[in-house]
Q: 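Let me begin by handing over the structure; questions about it come next.
Letters go in sequence order (proteins before strands), and every chain restarts at 1. Bear in mind the structure is a predicted one, so any value in this text is a computation, not a measurement.
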Number of protein chains: 2
Amino acid sequence: MRLLIVEDEKRLALSLAKGLTAEGYAVDVVHDGREGLYRASEGSYDLVILDIMLPGMNGYRVCAALRAAGHDVPILMLTAKDGEYDEAEGLDTGADDYLTKPFSYVVLVARVKALLRRGGQGTGASPVHVHGDLKVDTAARRVFLGDDEVTLTAKEFAVLEQLVVRAGEVVSKAEILEHVWDFAYEGDPNIVEVYVSTLRRKLRAGLIRTVRGAGYRLERVEAAR
Amino acid sequence: MRLLIVEDEKRLALSLAKGLTAEGYAVDVVHDGREGLYRASEGSYDLVILDIMLPGMNGYRVCAALRAAGHDVPILMLTAKDGEYDEAEGLDTGADDYLTKPFSYVVLVARVKALLRRGGQGTGASPVHVHGDLKVDTAARRVFLGDDEVTLTAKEFAVLEQLVVRAGEVVSKAEILEHVWDFAYEGDPNIVEVYVSTLRRKLRAGLIRTVRGAGYRLERVEAAR
DNA sequence: AGGGGGCTTCAGGTTCCTCTCAGCGTCACT
DNA sequence: AGTGACGCTGAGAGGAACCTGAAGCCCCCT
């Protein structure tokens, strides 16, 4: 899951990014409206957190421009409560939810999750993926193998999520990198192998199949016996 | 999938080529406009990445010339943001999308994929090709012969894919070479024979017919029994 | 300040692809 | 039937891709 934060208060942006990263999202941050619009237009984000007061281009205009261009990515607006801007206006321009500053971090996370869940429903994707005896609950971020819960770290979960969403298909290492790590990541792609390795250990060895030269594939339901 | 990059900044061209190759595309690079037009005219590319500022012939003119000649290959234009050239003009001349430098690599890949997807849908290409008792699933990278799965390596799969996509037609050795390896490949063309040989062994001897002096042909549905 | 957990890098080891080569078979044409 | 061109295929070297244990770093919690 990739999130884009468009927020010019750098301290706030940074702390949000940090927290959400810890939740297992891949988070990109930009500090001005024009740049935000540009990045969001690429369509590779699952949600955009958009401040209203922005240099370059204000949040309403970014939001309106995105909708005008046909993007239906969920948008969570951040409004200051000083009354200069109006919540209703945000919703009018096509935002899906708004949050009035100051807000608690917990609330933000809850809203983010709610929006992601709603978006998922809209497109017919269930938040819970069942796959043989593997059950991945993307909303609750829990994984079960048979009756046993398996504890995964944020990154482990994110990698598994990618594989589960496209179960049966080959997912390339590059695609996993793109979705799980953010665009500033310049590290070793080997990191994907490391995570696959630990996932295999924590889950079951045969579950994630390596397709040499192509990527990884979550095996479709193992032959029932 | 074959991509052509027309870009005179060699460093940029090289790094794009490297990345896209890693994504599994066969990538060719040329550094001037005239050469780009010439290669693109051959019609063997699935997408063209076209810089605007080019020696020989600028990107707009290449693009316009291609469209004038009736080619509908997707074109992704690269524009510098210095304002000398205008994005709209790129789209006017028939480009399908544009990207303003500097851009992140991830963005480029996303756009490339989007364009290829759009094109693919239009032509109704399915990810699964069925051909008699041979089934080739390009998304999962799996091949079935009857009920049995056949394990293929990356190159074997790529060769078979070429034959399957054009089932019933003769595909020349040169075409296979170009699609599976890229045009910079300087090795022995015999390599194609080697791979056809192993494919026959792994699949069924009669499936791939040699057409002497012309190439190979995947036989249309074998006589049902 | 110390400890722990998660993230990342690194390096050694392993697997198994890829490509080349060479000899032989097969085909088409005379 | 002979001949040359073309195609087939087994063997092996070399290397790419992948796996995984270990260790360092950073952040957070105690």
Q: Return the set of residues passing side chain to side chain donor-acceptor pair (under 3.5 Å) with B:K173 (not counting sequence neighbours), or none when no residue passes.
A: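 Per chain and number, B:K173 pairs via side chain to side chain donor-acceptor pair (under 3.5 Å) with B:E193.
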Q: Distance check needed: D:dG7 C1' versus B:I176 CD1, whole Å only.
A: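 Nearest whole value for this atom pair: 13 Å.
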Q: A:Y216: which residues meet the ring pair (Phe, Tyr, Trp, His ring centres under 6.0 Å) condition with it, sequence neighbours left out?
A: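 Residues passing ring pair (Phe, Tyr, Trp, His ring centres under 6.0 Å) with A:Y216: none at all.
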Q: Please enumerate all residues that pass side chain to side chain contact (heavy atoms under 4.5 Å, CB included) together with A:M57, with sequence neighbours excluded.
A: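 Once residues adjacent in sequence are excluded, the partners of A:M57 under the side chain to side chain contact (heavy atoms under 4.5 Å, CB included) criterion are A:L37, A:R61, A:V62, A:A65.
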Q: Tell me: CG of B:L203 to P of D:dC8, nearest whole Å?
A: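 Those two atoms, CG and P, are 15 Å apart.
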Q: Please identify each residue that fulfils side chain to side chain donor-acceptor pair (under 3.5 Å) with B:S172, with sequence neighbours left out.
A: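 Expected list: B:E175.
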Q: Does D:dC8 have its OP1 or OP2 closer than 4.0 Å to a side-chain nitrogen or oxygen of B:T210?
A: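 Indeed, a polar side-chain atom of B:T210 lies that close.
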Q: Could you go through residues 150-163 of chain B and list every donor-acceptor pair under 3.5 Å that involves a side-chain atom there, pairing it with any protein atom two or more places apart or in another chain?
A:
unit_1: B:T153; atom_1: OG1; unit_2: B:E156; atom_2: N; d: 3.4
unit_1: B:E156; atom_1: OE1; unit_2: B:T153; atom_2: N; d: 2.8
unit_1: B:E156; atom_1: OE1; unit_2: B:K202; atom_2: NZ; d: 2.9

Q: Take atom CZ of B:R209 and atom P of D:dC8, then tell me their distance rounded to the nearest Å.
A: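 Going from B:R209 (CZ) to D:dC8 (P), I get 12 Å.
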Q: Does A:R141 have any side chain to side chain donor-acceptor pair (under 3.5 Å) partners at least two apart in sequence or in another chain, and if so, which?
A: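 Once residues adjacent in sequence are excluded, A:R141 has no partner under the side chain to side chain donor-acceptor pair (under 3.5 Å) criterion.
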Q: Could you check whether any side-chain N or O of B:R34 sits under 3.5 Å from a backbone N or O of B:G56, counting only pairs where one atom can act as donor and the other as acceptor?
A: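 Present.
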Q: In whole angstroms, how far is the P atom of C:dC7 from the OH atom of A:Y25?
A: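 It is 15 Å, rounded to the nearest whole Å.
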Q: Between D:dT20, D:dG10, D:dC8, spot the one nearest the side chain of A:R200, thanks.
A: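 Output: D:dT20.
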Q: Any side-chain N or O of B:K173 less than 4.0 Å from the OP1 or OP2 oxygen of D:dG7?
A: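 Answer yes for this pair, as a side-chain N or O of B:K173 is under 4.0 Å from OP1 or OP2.
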Q: Using the test side chain to side chain donor-acceptor pair (under 3.5 Å), find all partners of A:T210 that sit at least two apart in sequence or belong to another chain.
A: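 Per chain and number, A:T210 pairs via side chain to side chain donor-acceptor pair (under 3.5 Å) with A:R200.
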Q: With the sugar-phosphate defined as primed atoms, P, OP1 and OP2, and the base as all remaining atoms, what B/S/- string results for nucleotides 17-30 of chain C, 5' to 3', for protein heavy atoms under 4.0 Å?
A: SSBBBB--BBB---
Q: Under 4.0 Å, heavy atoms only, any strand: does B:Y216 hit a base, just the sugar-phosphate, or nothing?
A: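 Sugar-phosphate contact only - B:Y216 comes under 4.0 Å of backbone atoms but never of a base.
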Q: Output, in order, the C-alpha distance, side-chain angles, deciding distance and verdict of side-chain hydrogen bond (donor to acceptor under 3.5 Å, both in side chains) for B:Y45 and B:D28.
A: CA-CA 9 Å; B:Y45 293 98; B:D28 297 339; 2.7 Å; yes
Q: I need the CD-C1' distance between A:E193 and C:dT14, as an integer number of Å.
A: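 Atom CD in A:E193 sits about 13 Å away from atom C1' in C:dT14.
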Q: Angle between the two end axes of the helix from C:dA1-D:dT30 to C:dT30-D:dA1, five base pairs per end, rounded to 10 degrees?
A: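 Both end axes considered, the difference amounts to 30°.
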Q: Quickly work out the A:L177 CG to C:dT8 P distance and round it to whole Å.
A: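 Rounded to the whole Å, the gap is 10 Å.
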Q: D:dA22 P sits how many Å from A:R201 CZ, rounded?
A: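 Roughly 11 Å, once rounded to whole Å.
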